[in-house]
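On a predicted model such as this, the values are computed, not experimentally measured, just so you know.
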Amino acid sequence: MTVGTTTQPDVREAVRAAARRARVASRALARLTTAQKNDALHACADAVLAAADEILAANTEDIVAARAGGTEESLLDRLRLTKARIDGIASGLRQVAGLPDPVGVVVRGSTLPNGLEIKQVRVPLGVIGMVYEARPNVTVDASGLALKSGNAALLRGSSSAARSNAALVMVLREALAAQDIPADAVQLLPSRDRSSVTHLIQARGLVDLVIPRGGAGLIDAVVRDAHVPTIETGTGNCHVYVHAAADLDMAEQILINAKTRRPSVCNTAETLLIDAAIVDTALPRLTEALQRHGVTIHGDLPGQVPATDVDWGEEYLSLDIALKVVDDLDRALEHIDRWGSGHTEAIVTGDLSAAREFTSRVDAAAVLVNASTAFTDGEQFGFGAEIGISTQKLHARGPMALPELTSTKWIVWGEGQIRLV
């Protein structure tokens with residue numbers, strides 16, 4: 001296949017060459033002190049602010065091209081940068097600089113009866129690949145988190161943000177080089193040819209981890225075809241279950257916040273479950289509140305858009321929500337077990353025993369009682385920043401912060417001990 005003047009073999013070699021450079025850079029990053037990493041992060045933040053006009057100009061070109069291509073407004077919002085968002089990106093880098101450095105932290109340790117001192121210590125993963133859609137802020141967020149955790153970053157953004165990402169990566173690389181840190185700690189992979197994703201996720205021996213961040217299609221494709229370890233992030237079919245003992249004032253407030261605060265993000269509520277015991281009072285009140293905020297309701301009741309199995313499993317990422325009346329807590333749990341994506345589930349109830357049963361039986365990365373699903377966020381959890389929200393169970397689950405971007409190794413100190421048995 002040929003894209004422009006670049007063929008697939010050329011893309012493969014470009015990706016693998018970048019990975020080899022990243023591997024070299026990662027060895028230097030692993031030796032940096034916390035102070036060196038923090039100074040570099042502040043330098044990157046300063047550089048992003050200084051280059052704001054150039055970054056915004058590149059982003060404007062991306063927006064114009066995306067709009068001409070028929071991109072939906074909700075996706076354009078993900079792509080769009082503003083002066084305020086540039087300030088936020090720089091602030092995010094400074095925030096990461098202020099976070100505890102996970103590298104070198106002793107997870108556990110002991111002295112054995114034979115005198116051997118053993119300890120398990122956090123170390124960088126090495127080379128992390130990021131595959132993501134639209135949002136150019138992820139370019140900087142991922143770079144900053146990778147740097148603080150001692151990892152090199154290979155970034156494969158979407159073609160829709162190609163100009164924005166290129167401008168941001170150029171700024172970051174120049175700032176790192178000025179700090180005597182290898183510029184190859186941050187590299188942008190080709191985005192015009194889809195095969196670059198395949199080559200990244202199959203670069204076994206060169207790439208230590210790939211994190212896909214985007215829609216279900218992207219995540220499924222990466223996990224299915226990868227030859228290197230991956231972490232599934234982001235797909236969120238999140239439910240709000242209004243239990244029979246719910247305070248309806250609270251339920252309405254939580255529901256509207258969970259659905260309408262930012263409909264395009266993964267912790268948005270996509271399904272409302274109402275207990276049949278309170279349907280006569282809860283249903284009209286909650287549906288009216290949703291409609292007042294411009295939400296389209298998909299369900300089985302008159303006046304709603306007829307729902308199919310697609311709706312129960314859908315991550316709308318828009319002002320749409322599926323609604324179902326369930327007989328009781330057991331039926332709510334059965335529905336979530338069948339259709340949930342393992343991201344975030346919430347219950348609204350004044351019954352402590354029901355809340356405890358819900359939290360113990362729901363299989364999800366985050367379970368909330370009487371709170372909006374919007375709180376499933378690394379910053380909101382007090383982690384300072386996150387690289388994504390893992391919906392899988394190995395290595396990391398839920399909001400992934402700096403510790404989740406490290407592995408561990410065992411260090412053993414002895415004084416000549418030998419094993420006799």
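For the salt bridge (Lys or Arg N to Asp or Glu O under 4.0 Å) with D77, the lone residue among R135, R67, R85 that qualifies is R85. Screening K259, H239, H298 against E270 for a side chain to side chain donor-acceptor pair (under 3.5 Å) leaves a single residue, K259.
Using a distance-only test at 3.5 Å, with no hydrogens or angles considered, a donor-acceptor pair links the side chain of H395 to the main chain of E404.
Using a cutoff of 4.0 Å between basic side-chain nitrogens and carboxylate oxygens, E334 and R361 are not scored as salt-bridged. A salt bridge links R20 with E13: the closest approach of a Lys/Arg side-chain nitrogen to an acidic carboxylate oxygen falls below 4.0 angstrom. A salt bridge links D184 and R173; the closest N-O separation between the charged side-chain nitrogens and carboxylate oxygens is under 4.0 Å.
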Inset, instruction - Decide yes or no on side-chain contact (heavy atoms from CB on, under 4.5 Å) for T268 and L317, but give the supporting numbers first. - result: CA-CA 7 Å; T268 296; L317 301 177; 5.6 Å; no
Inset, instruction - Check step by step if side-chain contact (heavy atoms from CB on, under 4.5 Å) holds for R108 and W410. - result: CA-CA 10 Å; R108 54 180 168 166; W410 289 93; 3.5 Å; yes
Legend entry - Step-by-step side-chain contact (heavy atoms from CB on, under 4.5 Å) determination, S372 to R261: CA-CA 10 Å; S372 170; R261 175 189 156 273; over 6 Å; no
Could you pull out all donor-acceptor pairs under 3.5 Å where a side-chain atom in residues 212-231 meets a protein atom, sequence neighbours excluded?
| from | atom 1 | to | atom 2 | distance (Å) |
| --- | --- | --- | --- | --- |
| R213 | NH1 | I387 | O | 3.1 |

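Distance check, rounded to the nearest 0.5 Å: CG of L255 to CG of L286 gives 6.0 Å.
At most 12 non-hydrogen atoms from other residues, nucleotides or ligands lie less than 6.0 angstrom from CD of Q253.
The shortest non-hydrogen separation linking W312 to D300 is CZ2-OD2, 3.8 Å.
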